[in-house]
Amino acid sequence: GVNSTHARRATLLEKYNFECKCHACVQANDFAFWYRCQVGDCGGALSPSEPLHSMSYATLLQNIAHVEENRGLKLADSSLLENGVSLNIQCNVCSTKCTDVRRLLRFTVQADAFFQEGVENPNEQEAVKMLEHCLQLRECLLHKYNVRLAETYDALGRAYANINMWENAIGCVESSITKLRKIYGEESIEVGLEYIKLGQLCLMFNQPEKTMACAVEAKRLVEPYASLNDGIDETMCSRNMAALQIEDLLANCRFLLGAK
């Protein structure tokens, strides 16, 4: 799922006993709720002009979507809709204001439904189609460094792998890494864990050199977090799982490269 700043820091603290102080966390940039500016090639992000706690902003958006789907609702719900529409959401680059919050929410809800269907559908071909539809919508709606895009590329990569479309899968995970680097920083645990996934895909696609490079980078990025372990069982489990996956990749690479 999508991690707000608060949720991300809580997860890192719980799993790795690490209080993150990266730029994204310290500055409280909640990329999960950034939309794409629709003005030409602006490249800016639509975000609230006033700093809002991620949970309150998320709740506000959910209420707007809820009212949009239930137009008969009155009183408190309608006032939330009113507040949502008048909320000063504007581009952080060109300052153009968003004039139709409800439209954004309508398509956001639709994209979220495609995503949910894609990750839950047991039919692998249908799952790929749903996630492709989701990606198409989110690429149009969301800022390029919105974590939901990284999440979509990651899920689509797994879906492609399930039907043995290895090149497509690798391309998706590489796109996810590019976005995670920008969102959480070059040295983040998220990037390290994604490199493990990329290495596993490259191994399946018989690319031992690239697999080795991914495993080495994953080890470099994950080890500093793992060393902060304080002995809590769940922390140990998270650390050991990542470490085992990396060592497995390295062992397979050495075997394949040695056999050449």
Report summary line: Value for CD1 (Ile196) from CG (Leu244), rounded to nearest 0.5 Å, stands at 10.0 Å
Report task. Anything under 30° is parallel, anything over 60° is perpendicular, the rest tilted; go ahead and classify Trp34 against His143. Result -> perpendicular
Result block: side-chain N/O donor-acceptor pairs under 3.5 angstrom for residues 152-162, not counting sequence neighbours:
| residue | atom | partner | partner atom | Å |
| --- | --- | --- | --- | --- |
| Thr152 | OG1 | Arg138 | NH1 | 2.7 |
| Thr152 | OG1 | Arg148 | O | 2.6 |
| Tyr153 | OH | Glu139 | OE2 | 2.4 |
| Asp154 | OD1 | Lys197 | NZ | 2.9 |
| Asp154 | OD2 | Arg158 | NH1 | 2.2 |
| Asp154 | OD2 | Lys197 | NZ | 3.4 |
| Tyr160 | OH | Glu132 | OE2 | 2.6 |
| Asn162 | ND2 | Arg158 | O | 3.4 |

**Report entry** Side-chain donor or acceptor of Lys179 paired with backbone N/O of Lys144 under 3.5 Å
**Finding:** yes
Name every donor-acceptor pair, under 3.5 Å, that has one atom in a side chain of residues 118-127 and the other anywhere in the protein, sequence neighbours excluded.
| residue | atom | partner | partner atom | Å |
| --- | --- | --- | --- | --- |
| Glu120 | OE2 | Gln116 | NE2 | 2.5 |
| Asn121 | OD1 | Asn123 | N | 2.8 |
| Asn121 | ND2 | Glu117 | OE2 | 2.8 |
| Asn123 | OD1 | Gln125 | N | 3.1 |
| Asn123 | OD1 | Glu126 | N | 3.0 |

Query raised in the report: Which value, rounded to the nearest 0.5 Å, describes the distance between Leu141 atom CG and Leu149 atom CG?
Result: 9.5 Å
Report summary line: When every non-hydrogen atom of Ala150 is compared with those of Leu180, the smallest separation belongs to CB-CD2, 3.9 Å
Report task. Please assess Trp166 against Gln207 for the test side chain to side chain contact (heavy atoms under 4.5 Å, CB included), listing each intermediate value before the final yes or no. Result -> CA-CA 11 Å; Trp166 302 113; Gln207 295 182 338; over 6 Å; no
Query - Option passing side chain to side chain contact (heavy atoms under 4.5 Å, CB included) with Leu198 (candidates Cys172, Ser176, Cys214) - result: Cys214
Query raised in the report: What do the steps show when you test Arg220 against Glu217 for side chain to side chain contact (heavy atoms under 4.5 Å, CB included), and what is the final call?
Result: CA-CA 5 Å; Arg220 183 184 74 82; Glu217 183 66 359; 2.8 Å; yes
Query - Residues forming a side-chain contact (heavy atoms from CB on, under 4.5 Å) with Val216, sequence neighbours excluded - result: Met212, Leu250
Query raised in the report: Closest heavy-atom contact between Pro208 and Cys253?
Result: O-SG, 3.5 Å
**Report entry** Heavy-atom side-chain contact between Glu187 and Leu221 under 4.5 Å
**Finding:** yes
Query - By salt bridge (Lys or Arg N to Asp or Glu O under 4.0 Å) - contacts of Glu174 (at least two apart) - result: Lys210
**Report entry** Interatomic spacing from CD in Gln245 to CG in Asp248 - rounded to 0.5 Å
**Finding:** 8.5 Å
Query - Atom pair CD1 (Ile183) and CG (Asn146), whose distance is rounded to the nearest 0.5 Å - result: 7.0 Å
Query - Heavy-atom pair with the smallest gap, counting every atom of Val222 and Ala242 - result: CG1-CB, 4.0 Å
Requested in this report: Please check if the side chain of Gln38 supplies one atom and the backbone of Arg36 the other of a donor-acceptor pair under 3.5 Å.
Outcome: yes
Query raised in the report: Is there a path of hydrophobic side-chain contacts, each under 4.5 Å between heavy atoms of I, L, V, M, F, W or Y residues, that connects Leu135 with Ile163?
Result: yes
**Report entry** Inter-residue atom distance Ile177.CD1 - Ser188.OG, 0.5 Å rounding
**Finding:** 10.0 Å
Requested in this report: Might you work through the side chain to side chain contact (heavy atoms under 4.5 Å, CB included) test for Thr211 and Asn252, ending with a clear yes or no?
Outcome: CA-CA 9 Å; Thr211 303; Asn252 278 288; over 6 Å; no
Query raised in the report: Any idea which heavy atoms bring Leu249 and Ala215 closest together, and the distance?
Result: CB-CB, 3.9 Å
Query raised in the report: How far does CG of Leu131 sit from CZ of Phe114, to the nearest 0.5 angstrom?
Result: 10.5 Å
Query raised in the report: salt bridge (Lys or Arg N to Asp or Glu O under 4.0 Å) with Glu186: which residues, sequence neighbours excluded?
Result: Arg181
Report task. Mind checking side-chain contact (heavy atoms from CB on, under 4.5 Å) for Cys140 and listing every partner two or more places apart, or none if nothing turns up? Result -> none
Query raised in the report: Are Val93 and Leu142 in one and the same hydrophobic cluster, where Ile, Leu, Val, Met, Phe, Trp and Tyr link if side-chain heavy atoms are under 4.5 Å apart?
Result: no
